[in-house]
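See structure below.
One is the number of the first residue; the rest follow in order along the sequence. All of these numbers come straight from a predicted model, not from anything done at the bench. Order of appearance sets the numbers: ligands from 1, and atoms from 1 within every ligand.
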Amino acid sequence: MFIDDIINRESFTLEDIVYLLSISDKLHIERLKNHAYGIMKQYTGEKVYLRGLIEFSNVCINDCYYCGIRKSNHNVKRYTLENDEIIDTAKWCANQGFGSLVLQSGERNDEQFIEFVENTVRKIKEFTKSDILPNGLGVTLCVGEQSRETYLRFFNAGAHRYLLRIETSNPDLFSKIHPDFQIFNRRIIALKSLKEVGFQVGTGVMIGIPGQTINDLANDVLFFKEMDIDMLGMGPYIIHSETPMNAYYDDYSERKREIYKLSLKMIAVSRIILKDINIASTTALQAMYPMGREAGLMFGANVIMPMLTPTHVRSEYQLYNGKPCIDEFTSDCFECVQQRIESTGRTVAKDEYGDSRHYFNKKFS
Ligand code: 5AD
Ligand code: FES
């Protein structure tokens with residue numbers, strides 16, 4: 001099989017990646033999946049690492065054309081959780097055994113917000129210390145583009161991982177799905193600042209953006225490689241009906257299956273090429289198909305982010321239609337998550353940070 005020649009290469013060209021992303025017959029997809037799984041096993045192990053996700057605020061200054069909580073969507077009731085509620089959730093997260101936490105919100109750059117995040121991180125680190133977690137929970141931030149100084153403040157407060165998606169590495173496509181004030185190059189600069197400050201840096205893209213080609217996605221994978229990223233979180237683009245991009249697609253339901261498969265292939269190909277990074281199997285995959293997150297794990301992902309956002313605000317953090325967990329009254333508890341993951345044959349890490357091996361491998365090589 002020609003695919004075997006490609007997946008075993010040491011370096012990959014754009015054409016190689018386009019080829020891998022284009023395969024469609026079952027046998028070849030199975031081959032790609034198994035190879036990615038093998039690489040994952042070799043470079044990161046088979047354990048799945050958990051990060052409890054707290055979406056602590058939906059207030060946002062950005063206006064991305066695809067996102068349900070964009071500032072121009074006036075149907076959204078805006079909220080910011082109280083510090084105490086975040087800390088309580090963090091304590092619950094630590095007690096459950098998740099080991100790490102992701103604090104996500106809409107983007108804001110005002111001093112009040114920056115201080116709020118800084119204080120929250122500091123308190124989480126302090127209040128989740130135990131014999132099992134002597135340094136408290138691992139903290140990942142996902143609060144958008146900030147200045148280098150702000151990133152340094154967050155880092156000094158105790159956050160050590162940061163997620164900032166590029167959404168697409170094609171600047172023209174980026175400008176089609178964002179208003180003019182959101183600038184591609186500024187995001188690149190932010191990613192570089194995060195790295196300089198010392199964070200484990202994660203990025204990612206949406207798959208199935210209207211107008212996006214296989215070539216774009218192949219370039220995305222090369223972009224991840226070139227940026228030498230430590231973590232990756234990608235997922236399918238899903239329509240939100242109250243956004244301008246709602247009108248961009250007229251055949252989304254017909255393409256849904258293809259976009260889903262493409263998302264899984266992106267995980268596998270990224271694993272094969274980037275090897276020792278952490279790759280998340282995202283909620284958007286689960287939103288498309290109920291077992292989507294588990295499928296992501298089979299294609300080479302090794303991180304899952306159980307939903308810990310307090311239930312009374314969950315319905316106000318709808319980035320896209322059909323986000324799971326909205327109507328549930330309980331959070332993803334450790335046992336539920338564990339059961340689902342173990343059904344795929346994987347084990348779950350308890351009380352572990354599960355840092356990106358890539359970050360340490362490159363630091364000490
Ligand atoms: N479909 C899929 N992902 C989305 N995001 C925002 N809106 C959507 C959507 N409609 C993703 C973006 C962002 C992350 C927080 O959520 O990639 O970076
Ligand atoms: Fe940009 Fe929500 S407004 S992702």
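- By the salt bridge (Lys or Arg N to Asp or Glu O under 4.0 Å) test, E149 is found to be paired with no residue, residues two or more places apart in sequence or in another chain being considered.
- Using a cutoff of 4.0 Å between basic side-chain nitrogens and carboxylate oxygens, K261 and E258 are not scored as salt-bridged.
- A salt bridge between R346 and E294 is absent, with no side-chain N of the basic residue lying under 4.0 Å from a carboxylate O of the acidic one.
- Taking a cutoff of 4.0 Å between a charged side-chain nitrogen and a carboxylate oxygen, D230 and R161 do not qualify as a salt bridge.
- Within 4.0 Å of ligand 1, contacts by protein heavy atoms are made from Y66, C67, R165, E167, M206, P236, Y237, I238, L319, Y320.
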Would R70 and D63 satisfy salt bridge (Lys or Arg N to Asp or Glu O under 4.0 Å), going step by step from the backbone distance to the final call? CA-CA 4 Å; R70 62 198 298 270; D63 221 8; 3.4 Å; yes
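- Only protein atoms were considered; those of element N, O or S under 2.8 Å from atom 1 (Fe) of ligand 2 number 1.
- Not a single salt bridge (Lys or Arg N to Asp or Glu O under 4.0 Å) links D220 to another residue, sequence neighbours left out.
- Inter-residue side-chain proximity for K195 and D228 is flagged as met; some heavy-atom pair is nearer than 4.5 Å.
- Proximity of Y353 to H160: side-chain heavy atoms (C-beta onward) are separated by under 4.5 Å at one or more points.
- With respect to E316 and R78, no salt bridge is recorded, no charged nitrogen being found less than 4.0 Å from a carboxylate O.
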